[in-house]
Q: 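Encoded as structure tokens, here's the structure I'll be asking about.
Note that the structure is predicted; figures quoted are calculated from it, not measured.
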Amino acid sequence: MKYKYKIENLDCANCAKELENHLNKDPNLKNVSCNFSKSTLTLETTLTKNIKKYVSKKSKEVEPDVTILELNENIDAKNKMKKDIIILIIGLLLILLSHLFNQNKIINEILSIAALIVLLSKTAIKAIKMLIKSHTINENMLISISCIGAFLIGKEMEGLMVIFLYQIGKILESLALNNSRKSISNLMDIKADYACVLRDNEQVIVSPEDVKIGETIIVKKGEKIPLDGIIIKGNSKLNNSSLTGESKLVNVKEQDEVLSGTINMGNILKIKVTKDYENSTVAQILELVENASDKKAKTENFVSHAAKIYTPVVLILSIIVFITYPIFFDYTVKEALNIALTYLVISCPCAIAISIPLSYFSGIGVSSKNGILIKGSDYLDNLRKLNTIIFDKTGTITTGNFEELNLIILDNEYSKNDIINYYVKGESLSNHPIGKSIVKYFAKKTNTKDVKNFKEISGKGISYEIDTTKVKIGSAEFVKSKQFVNGIFLKVDNKIIAKIDLKDKIKSNSKKVISELKKHNIKTMMFTGDKKEIAEEIAEKVNIDEVKYELLPNQKYNELLKEMNKDNNLVGFVGDGINDAPSIVASNIGFSMGNIGSSSAIEASDVVIIDDDLDKIRQAIDISKYTTKIIKENLIFSIGTKIIILILTSMNLASMAYAVFADTGVTVLTILNTTRILKHKIK
């Protein structure tokens, strides 16, 4: 079974990675994912008893101070922060007192050592535990060695200043990180806390997870809709901004489908539940976002791998500096040791290790807030690199709602009502946009219990039987029509008796979106199963660069592979997530338009557009570029600052106070810079 826990007292993203790797080696655990940005731990296990206790025990083998909590448990973060501040104040008072007794060497030494013990003990204990239990050296060890080393060479005040500034930095870092996590959580605050369900004519408040399909829920003004369903009484206006990013209210009435996570802004609604919580829109969105950090970008993976060897290398470099400077340069042993110790403080990789994964997760959070579900930081990173985007036609470039529909009867032995009944019976069981449009257009309820041997042949049509009657609905090729070419044909017992001519409507923003993508030097293509004249007419109207027509799903797939095989061509494919699933999966980045309730759409694609808005593709690319911009700024600033202070330290021109700024100061500033992603306004 799959389990999820909160995890507290992790120092950095590298610690989270170390913990994840350690737990994945345990034979009783698998698919362990430790997310530093969200402070969560997910895993699968066959164990049935004391799972949290077992995971906690195994976690402490590499992270002794880590705490594993249930999702509904909380640690008093304010109380923990108060303790850290009290320790800081006590340490500062001891430092000031030691300064006052500067003339009395013994008292000065005692007070200085006391201040060091108070300020350094927590960090040093962590370092020793990590060294003993997991044989690893992290920033706690580097800081501890630097402070103790400063005392040994007679620079007590400098050592105390390092740990004092370091502790201030860690408090500020914790505040900045918690604020970022809170902002991301607020972006995804779409789940209703409760559901008001009608049971035995009484309103009962329960958890959304406890409501069953078919039950009736009541949603009052200002409340979130807790579960997907159909309105059975009432009309109102809904705020869909939490799902789509659009602030415009949507009118709804009886028999309209509503999605969980939207807010009722008007009258009381009675809703019949059509999906349990596990399969609801809210649950699917939250699961996608929760799992998004598991698919890491190359930059993030590089940082994770580099951090493993970074700290030992820095330690070795410091030893080399200590040994070589007195031999080859005009430095005393004391000066060389001071430089080496300062190196240790400067070189802590926290700023990069924290800000990069936090940047990607912020980008994914902002995308979700705007109705764009990106399944991983690798996809978010690759969006900016797309140079070709291939669109399906129906439901993507066009609305998929065939408002202009013309029924032509080819055999007068059948009544219009019989023909409509044949169409509706078959298409009611289809998920294809054309089938849905036909059912919606005729607006006729039908019983499909007598339908047998129903088959849907992707890209061609459907077939089924009623009693001994064999029915086929689909393209001219599918029903083997020789007289007509275009249309959706109805064939009953080897005789074509009717056809439907459809005219799809182009989405209002399709042309503008295609134009915007071209401005970003992205080549646009359209793959469709439609006939040449229809395909070329649509392509010309929206100004698509290239169109390929009369393609079956497998032919779309083969044409896609040809495009992907071109040099340095990163290809995105946009489809409905059902018939185009092979192409969506095969592309570098697969987009599914709408159909948020369709599991095939969600499973096949890398990016899910909730509200069918084609412009969200451009917005996703914009978020990707902005996230990368922030990551580059953080990398340049953090690495640049460290290099400058390392050079100054090498020349004995920088004290340990500068080194602390290069570590914790830079970390705080990069976290604050990362929060700009959360406030980014998409053009």
Side-chain angles (χ1 to χ4, degrees), residues 83-129 131 137-173 311 314-315 317-319 321-323 325-326 329-348 350 642 645-646 648-667:
K83 287 180 180 177
D84 290 339
I85 292 171
I86 289 168
I87 289 170
L88 197 67
I89 292 170
I90 292 171
L92 178 61
L93 289 173
L94 288 169
I95 291 170
L96 292 174
L97 283 171
S98 70
H99 191 67
L100 286 173
F101 289 94
N102 200 33
Q103 301 302 317
N104 191 321
K105 194 173 181 182
I106 295 173
I107 296 176
N108 176 268
E109 286 286 338
I110 291 170
L111 290 170
S112 296
I113 293 169
L116 183 69
I117 292 170
V118 168
L119 292 170
L120 186 64
S121 57
K122 185 179 176 182
T123 303
I125 290 167
K126 278 185 180 181
I128 293 165
K129 282 182 178 178
L131 187 65
I137 298 170
N138 64 1
E139 68 160 352
N140 293 312
M141 180 61 76
L142 299 184
I143 292 293
S144 300
I145 293 171
S146 300
C147 293
I148 294 168
F151 262 71
L152 293 175
I153 61 173
K155 294 200 172 188
E156 292 92 344
M157 285 307 297
E158 202 157 328
L160 288 170
M161 192 56 62
V162 167
I163 188 59
F164 181 73
L165 292 175
Y166 176 75
Q167 295 294 3
I168 290 176
K170 294 305 284 184
I171 290 170
L172 292 174
E173 182 185 306
T311 307
V314 168
L315 191 57
L317 182 64
S318 299
I319 294 169
V321 167
F322 172 62
I323 294 170
Y325 266 44
F329 304 101
D330 189 21
Y331 287 96
T332 64
V333 172
K334 192 175 180 180
E335 287 172 333
L337 181 58
N338 185 54
I339 293 170
L341 295 173
T342 308
Y343 261 49
L344 294 181
V345 181
I346 295 170
S347 303
C348 293
C350 292
K642 287 177 184 291
I645 296 179
L646 276 171
L648 291 173
T649 302
S650 301
M651 298 164 66
N652 207 18
L653 297 175
S655 66
M656 284 190 181
Y658 287 90
V660 173
F661 172 76
D663 174 31
T664 53
V666 167
T667 301

Q: Anything under 3.5 Å between a donor and an acceptor, one on a side chain of residues 336-344, the other on a protein residue two or more places apart or in another chain? List them.
A:
| from | atom 1 | to | atom 2 | distance (Å) |
| --- | --- | --- | --- | --- |
| Thr342 | OG1 | Asn338 | O | 2.7 |
| Tyr343 | OH | Ser650 | OG | 2.4 |

Q: Is there a side-chain contact between Met161 and Ile95 (heavy atoms, below 4.5 Å)?
A: no
Q: Locate the shortest heavy-atom distance separating Asp330 from Glu335; write the atom from each residue and the value.
A: O-OE1, 4.3 Å
Q: Do the non-hydrogen side-chain atoms of Thr649 and Tyr658 ever get within less than 4.5 Å of each other?
A: no
Q: Going by the salt bridge (charged side-chain N to carboxylate O under 4.0 Å, His left out) test, which pairs reach into residues 115-125, not counting sequence neighbours?
A: Asp84-Lys122
Q: I'd like to know if the side chain of Gln167 reaches the main chain of Leu119, judged simply by a donor and an acceptor atom lying under 3.5 Å from each other, with no hydrogens or angles considered.
A: yes
Q: Are any of the side-chain heavy atoms of Val321 and Tyr325 separated by less than 4.5 Å?
A: yes
Q: Please round to the nearest 0.5 Å and tell me the distance separating atom CD1 of Ile163 and atom CG of Leu88.
A: 9.5 Å
Q: Just wondering, are more than 12 heavy atoms of other shown residues or ligands nearer than 6.0 Å to CD1 in Ile106?
A: no
Q: Would Cys147 and Ile143 satisfy side chain to side chain contact (heavy atoms under 4.5 Å, CB included), going step by step from the backbone distance to the final call?
A: CA-CA 6 Å; Cys147 293; Ile143 292 293; 4.1 Å; yes
Q: How long is the span from the CG atom in Leu111 to the CG atom in Asn108, to the nearest 0.5 Å?
A: 7.0 Å
Q: Once rounded to the nearest 0.5 Å, what's the spacing between atom CD1 of Ile87 and atom NZ of Lys83?
A: 8.5 Å
Q: What is the minimum heavy-atom distance between Ala115 and Leu160, and which atoms define it?
A: CB-CD2, 3.7 Å
Q: If we only count heavy atoms from C-beta on, is the Val660 to Ile168 side-chain gap below 4.5 Å?
A: no
Q: Is the shortest side-chain heavy-atom distance between Leu94 and Ser98 below 4.5 Å?
A: no
Q: Give, for atom CG of Leu152 and atom NZ of Lys334, the distance between the pair rounded to the nearest 0.5 Å.
A: 11.0 Å
Q: What's the separation between atom NZ in Lys642 and atom CG in Asp663, rounded to the nearest 0.5 Å?
A: 5.0 Å
Q: A side-chain contact here means heavy atoms from C-beta on lying under 4.5 Å apart; do Leu96 and Leu92 qualify?
A: yes
Q: Between atom CZ of Phe151 and atom CE of Met157, what is the distance when rounded to the nearest 0.5 Å?
A: 9.0 Å
Q: In chain order, what residues pass the ring-ring contact (aromatic ring centres under 6.0 Å, His included) check against Phe101, with sequence neighbours excluded?
A: none
